[in-house]
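Any value given below was found using the heavy atoms of this structure, including those in side chains, with hydrogens, waters and symmetry copies removed.
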2 protein chains.
Amino acid sequence: MEKYLKILKKCSLFYGISDDNLLKMLTCLGAKIINFDKKYTIFAEGTTAKYIGIMLSGTAHTVQMDYFGNRSVLSVIKPTHIFGEAFACAEAENVPVSVIASEPCEVMLIDCGHILHTCSNNCGFHQQLIFNLMKDLATKNIMFHQKIEITSKRTTREKLLAYLLFRAKEQGADSFDIPFDRQALADYLEVDRSGLSAEISKLCREGILECRKNHFEFLNKP
Amino acid sequence: MEKYLKILKKCSLFYGISDDNLLKMLTCLGAKIINFDKKYTIFAEGTTAKYIGIMLSGTAHTVQMDYFGNRSVLSVIKPTHIFGEAFACAEAENVPVSVIASEPCEVMLIDCGHILHTCSNNCGFHQQLIFNLMKDLATKNIMFHQKIEITSKRTTREKLLAYLLFRAKEQGADSFDIPFDRQALADYLEVDRSGLSAEISKLCREGILECRKNHFEFLNKP
DNA sequence: ATAAATCTGTTGAAATTTCAACGAAACGAG
DNA sequence: CTCGTTTCGTTGAAATTTCAACAGATTTAT
């Protein structure tokens, strides 16, 4: 476990908890670590939520499929991020999304019941843990607002610009990277991939944007 | 306060707390009650979140406007519902949405700091309150998933059907009401109002649906 | 009850998106 | 390095959405 301490300390779930206590707590919580290869399913749609996941290394996407097989990417999961906590905390019986590794991953899984119901040993850190979890849930709530704000735009161009302006603001620079390839970006924005490519080209031709793969730069903000 | 007890007891925030304790707690929390007329702003976009709201009577909508003035309705708030808790718990400084009364409302406001930071009197109910708040946040998180699932469909028809099928399932009947007028439904689905009206008419002509104002009935599920 | 305001359904034209198909470029495995 | 695979940008046609405008229905205010 100790080899993951550096990552775990950056995880919002463990904010304000000392190294010693963190390690003891993980044992107490029954935390386990599992590896997933690229494209493997970490949490599967339709199953019952029980575990909270913590990404230790690699990347995964939260993905939703509709009847017709259209894929929608809801979020990107990077090291130190936690995931699945909403379904676990709400005790959902039929999770409507999957979490899929987009590159090889190491994931820590913690049974949510162990967090919510203070253990018989009554470690005092549980209070802090619960508090951290609440702040995380609230923050994710707000992130969904952002996704909805972006995808509620009516045209591909507006969605793309709204998304890129958010990322630029987030990284505090006109020059920035995004964590999606074209198809994943199209899925996130809920638009057609080819139409998205066309729109990116158009913005470049218009001198508003410069783009090389996942790297973008605003030349003139619109 | 006592006249609101019946509503408050149905509020998920106070689940598992006895009447006596609830009334004592409200005093301790400094809860206050405010009235809003139709169309009045309860929480304004751009301000700092501090209070959690509890709807006592009336209805409100969570609304978001983009640069160009397009309105998006994110959720409907009915009596017993709580709102604003995500921003208050995350201590957001610039709330990106407004809450607007869609009919005259009575609202209870509680300073979120009073909930999160156990008071000096150290009433024991705070633990339960915090637990309830967490479950609420997790549940709302899942509701956003649903909105995203619906609006990620590509056509007006698919969005409308996805929405109506959710509502039918929710109310456990093929005959059901929705809490939106046409414009609000169009805003929720992120589509054009006239196109939505046209699609509703079309579904009725096709014998799939029957519709009278806010009341819908599936004759043949698609 | 009446007038004013709001909501709703319809239409057709214009704008936009989706879809399918293709070749070029980038990537990965052996 | 080369082959096979995946990603990417482009295109034009078909499908869909948006927009603007209007009239009938419904609701609200006086």
State which residues pass side-chain contact (heavy atoms from CB on, under 4.5 Å) with [X]; sequence neighbours excluded, sorted by chain then number.
{"X": "B/Arg212", "answer": "none"}
{"X": "A/Ile33", "answer": "A/Met1, A/Tyr4, A/Leu56, A/Met108"}
{"X": "A/Leu5", "answer": "A/Lys9, A/Asp19, A/Leu22, A/Leu23"}
{"X": "B/Asp181", "answer": "B/Gln183, B/Ala184"}

>> Using C1' atoms of five pairs at each end, report the bend of the helix from C/dA1-D/dT30 to C/dG30-D/dC1 rounded to 10 degrees.
In response: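 Rounded to the nearest 10 degrees, the bend comes out at 70°.
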Starting at atom [atom1] of [X], determine the distance to atom [atom2] of [N], rounded to an integer number of angstrom.
{"X": "B/Arg212", "N": "C/dC7", "atom1": "CZ", "atom2": "C1'", "answer": "14 Å"}
{"X": "B/Lys153", "N": "D/dT16", "atom1": "NZ", "atom2": "P", "answer": "16 Å"}
{"X": "B/Glu158", "N": "D/dA15", "atom1": "CD", "atom2": "C1'", "answer": "13 Å"}
{"X": "A/Lys159", "N": "C/dT16", "atom1": "NZ", "atom2": "C1'", "answer": "11 Å"}
{"X": "B/Glu199", "N": "C/dT10", "atom1": "CD", "atom2": "P", "answer": "12 Å"}
{"X": "A/Arg157", "N": "D/dT18", "atom1": "CZ", "atom2": "C1'", "answer": "17 Å"}
{"X": "B/Asp192", "N": "D/dA21", "atom1": "CG", "atom2": "C1'", "answer": "13 Å"}
{"X": "B/His215", "N": "C/dT8", "atom1": "NE2", "atom2": "P", "answer": "16 Å"}

> In chain order, what residues pass the salt bridge (charged side-chain N to carboxylate O under 4.0 Å, His left out) check against A/Asp111, with sequence neighbours excluded?
Replying inline: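 Partners of A/Asp111 under the salt bridge (charged side-chain N to carboxylate O under 4.0 Å, His left out) test: A/Lys50.
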Return all side-chain donor-acceptor pairs below 3.5 angstrom for residues 80-88 of chain B, not counting sequence neighbours, or 'none' if the list is empty.
from: B/His81; atom 1: ND1; to: B/Lys78; atom 2: N; distance (Å): 3.1
from: B/Glu85; atom 1: OE1; to: B/Lys140; atom 2: NZ; distance (Å): 3.4
from: B/Glu85; atom 1: OE2; to: B/Lys140; atom 2: NZ; distance (Å): 2.8

> In chain order, what residues pass the ring-ring contact (aromatic ring centres under 6.0 Å, His included) check against A/Phe144, with sequence neighbours excluded?
Replying inline: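 For A/Phe144 the ring-ring contact (aromatic ring centres under 6.0 Å, His included) partners, ignoring immediate neighbours, are B/His145.
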> Any Lys/Arg nitrogen of A/Glu190 or A/Lys153 sitting under 4.0 Å from an Asp/Glu carboxylate oxygen of the other?
Replying inline: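 Salt bridge flag = no for A/Lys153 with A/Glu190.
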Atom pairs, protein N/O to nucleotides 5-10 of chain D N/O, distance under 3.5 Å:
from: D/dC8; atom 1: OP2; to: A/Arg182; atom 2: N; distance (Å): 3.1
from: D/dG9; atom 1: OP1; to: A/Arg182; atom 2: NH2; distance (Å): 3.3
from: D/dG9; atom 1: OP2; to: A/Arg182; atom 2: NE; distance (Å): 2.9
from: D/dG9; atom 1: OP2; to: A/Ser197; atom 2: OG; distance (Å): 2.7
from: D/dG9; atom 1: N7; to: A/Arg193; atom 2: NH1; distance (Å): 3.1
from: D/dG9; atom 1: O6; to: A/Arg193; atom 2: NH2; distance (Å): 3.2
from: D/dT10; atom 1: OP2; to: A/Ser201; atom 2: OG; distance (Å): 2.2

Please list, one pair per line, the donor and acceptor atoms closer than 3.5 Å that link side chains of residues 89-102 of chain A to other protein atoms, with sequence neighbours excluded.
from: A/Glu91; atom 1: OE1; to: B/Lys135; atom 2: NZ; distance (Å): 2.8
from: A/Ser98; atom 1: OG; to: A/Glu45; atom 2: N; distance (Å): 3.1
from: A/Ser102; atom 1: OG; to: A/Thr59; atom 2: O; distance (Å): 3.1

> Taking the nucleotide of DNA chain D with the closest heavy atom to each, which residue, B/Thr156 or B/Lys38, is nearer the 5' end?
Replying inline: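 Checking each residue's closest nucleotide, the 5'-ward one belongs to B/Thr156.
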>> Quick check: do B/Ile54 and B/Leu8 have side-chain heavy atoms less than 4.5 Å from each other?
In response: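 B/Ile54 reaches B/Leu8 side chain to side chain.
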Side-chain atoms of residues 194-207 of chain A: list all donor-acceptor pairs with protein atoms under 3.5 Å, sequence neighbours left out, distances to 0.1 Å.
from: A/Ser194; atom 1: OG; to: A/Asp192; atom 2: OD2; distance (Å): 2.5
from: A/Glu199; atom 1: OE2; to: A/Arg157; atom 2: NH1; distance (Å): 3.3
from: A/Ser201; atom 1: OG; to: A/Ser197; atom 2: O; distance (Å): 3.0
from: A/Glu206; atom 1: OE1; to: A/Arg157; atom 2: NH2; distance (Å): 2.6

Tabulated below should be each protein N or O lying under 3.5 Å from an N or O of nucleotides 23-25 of chain D; please produce it.
none

